[in-house]
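Position 1 is the first residue of the sequence; numbering continues from there. Note that these values count all heavy atoms, side chains included, but never hydrogens, waters or copies made by symmetry.
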Amino acid sequence: MYRVFTRDEAMAAGISPAQLRSPRYRSISRGVYCPTSVLPSQAEVVAALMRKLPVAQFACRETATGLHGAVVPHSSEAHLGTSQRRTSTRPDVALHWYRSAPELTRVRGLTVTSPRQTFLDLAATLPFVDLLVLGDSLVHAKACTVEMFTGLDPGRRPGAARAREVAALVREGVESPYETRARLLIISCGLPEPKPNHPLRDASGRIVRRIDLGYEDYGIAVEYDGRDHIRREEQWHSDIARREELDDDWKFIVLTSRDIHRKQAQTAERVHKALRARGYKGPFDPLGWRRHFAP
C-alpha cells in the first residue's frame with residue numbers, strides 16, 4: 001500500500017469510503033488520499049496522480065524542475081506530459097501534449113523530462129531571470145553540469161532565442177536564486193561578471209570563507225543577505241552598513257531583497273562606484289538592468 005494512494009487503491013486495500021472521510025485520512029487531490037499523519041513528498045503525490053491518470057506518462061516543466069531539485073516560480077498545478085492529444089479536467093493537473101518524444105530520465109522512481117528537456121520546455125514561458133535561476137539551480141542541484149548548457153542548440157522551438165542566451169550565462173557555484181539575480185543585474189549594466197562562490201584565503205592559502213560573488217582583481221565582494229534571521233529592520237540595515245566598511249583587502253557590498261527588486265539603479269551604481277574606486281575603467285550602462293528587471 002502506497003503512503004499516497006488513489007480511491008481505487010484504498011478500496012482494494014479494504015479502506016471504506018466512510019473511513020476515507022474520517023479524521024484518519026485526508027484528501028490531497030480529487031480521488032487521492034494519504035493518512036493525516038503523513039507529510040507526503042512531491043514524488044509521492046506525482047506518482048499517485050500518474051496512477052490516477054494513466055494518460056499521463058511523465059512529469060514535466062515545473063513539476064520536473066522540483067523533482068530535479070531545482071528552482072522555478074511556484075505552480076499550483078502538477079505538470080504531467082503525454083504523447084496523446086488529451087486535456088486534463090482536474091484543476092490541479094496540467095496535461096501537456098508532446099508531439100515528438102521528449103528526452104526523459106528517471107528521478108526518485110518516476111519518469112521525468114531530463115534537465116535539458118525541462119530547461120528547453122520552460123524557455124517558452126519563463127521570464128529571462130527565472131530561466132537563468134532554473135539553469136543555475138539545476139547545476140547546483142547536480143541534476144546536470146554546466147557543460148550541458150555550453151553550445152546548447154534549442155533548434156527553432158518556442159523560446160529558442162531566450163534559451164540560447166540564458167544558457168550562455170549559466171554558472172557553477174550559484175547557491176541561491178538571489179545570487180543569480182544579483183549577478184544578472186550587475187552584468188546587464190555592462191559591468192564585468194563576478195565569480196560565484198568565490199573563495200577567500202588567508203596568508204597560508206587556506207580558504208577561510210566563500211563569498212557569493214567576487215571580483216578577485218578588484219578585491220570586491222558582493223553578497224546577498226536575507227532577512228529571515230533579523231528581527232528588526234533597523235538593526236538589519238545597521239549590520240549591513242558595518243559589513244560594508246572597507247578593510248585592507250576587500251570591499252564588501254551587501255545586497256538585500258529590496259536592492260534587487262526595488263533599488264536596481266542604486267544597486268548597479270554601488271557596484272560601479274566600488275569597481276571604479278579600485279581601478280575599473282570599463283563600460284557602465286546605468287539603465288541596462290531594465291532589460292530584465294521591471295523598473
I'd like to check [X] versus [Y] (side-chain heavy atoms, cut-off strictly below 4.5 Å). Are they in contact?
X    : Y    : answer
I207 : L200 : no
R86  : W97  : no
Y178 : H261 : yes
M11  : L20  : yes

Do [X] and [Y] get their side chains close enough for a donor-acceptor pair, meaning under 3.5 Å?
X    : Y    : answer
E147 : T145 : yes
R61  : T125 : yes
T111 : Q57  : no
D121 : T118 : no

[atom1]/[X] to [atom2]/[Y] distance, rounded to the nearest 0.5 angstrom?
X    : Y    : atom1 : atom2 : result
R210 : H198 : CZ    : NE2   : 9.5 Å
F149 : F119 : CZ    : CZ    : 5.0 Å
I260 : W289 : CD1   : CH2   : 11.5 Å
C144 : H68  : SG    : NE2   : 8.5 Å
T256 : D225 : OG1   : CG    : 8.0 Å
L134 : L126 : CG    : CG    : 6.5 Å

Next item on the list: Return the orientation label for the F5 and Y25 ring planes: parallel under 30°, perpendicular over 60°, tilted otherwise.
Entry: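 Ring orientation of F5 relative to Y25: perpendicular.
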
Under 3.5 Å, sequence neighbours excluded: what are the donor-acceptor pairs made by side chains of residues 188-196?
residue	atom	partner	partner atom	Å
S188	OG	L184	O	2.7
E193	OE1	R171	NH2	3.1
E193	OE2	R171	NE	2.8
E193	OE2	R183	NH1	3.4

Check whether any side-chain N or O of [X] sits under 3.5 Å from a backbone N or O of [Y] as a donor-acceptor pair, and report yes or no.
X    : Y    : answer
R26  : V38  : yes
Y218 : A221 : no
T6   : K52  : no

Check: Stepwise, does the ring-ring contact (aromatic ring centres under 6.0 Å, His included) test hold for F58 with Y98?
Finding: CA-CA 11 Å; F58 49 89; Y98 284 70; 5.1 Å; yes

Item checked: Ring-face cation of R276 near F284 (centre distance under 6.0 Å, axis angle within 45°) ->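 Negative - R276 is either too far from the ring of F284 or too far off its axis.
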
Notebook entry, point to check: Listed by chain and number, what are the salt bridge (Lys or Arg N to Asp or Glu O under 4.0 Å) partners of R291, not counting sequence neighbours?
Noted result: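 Salt bridge (Lys or Arg N to Asp or Glu O under 4.0 Å) check on R291 returns E165.
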
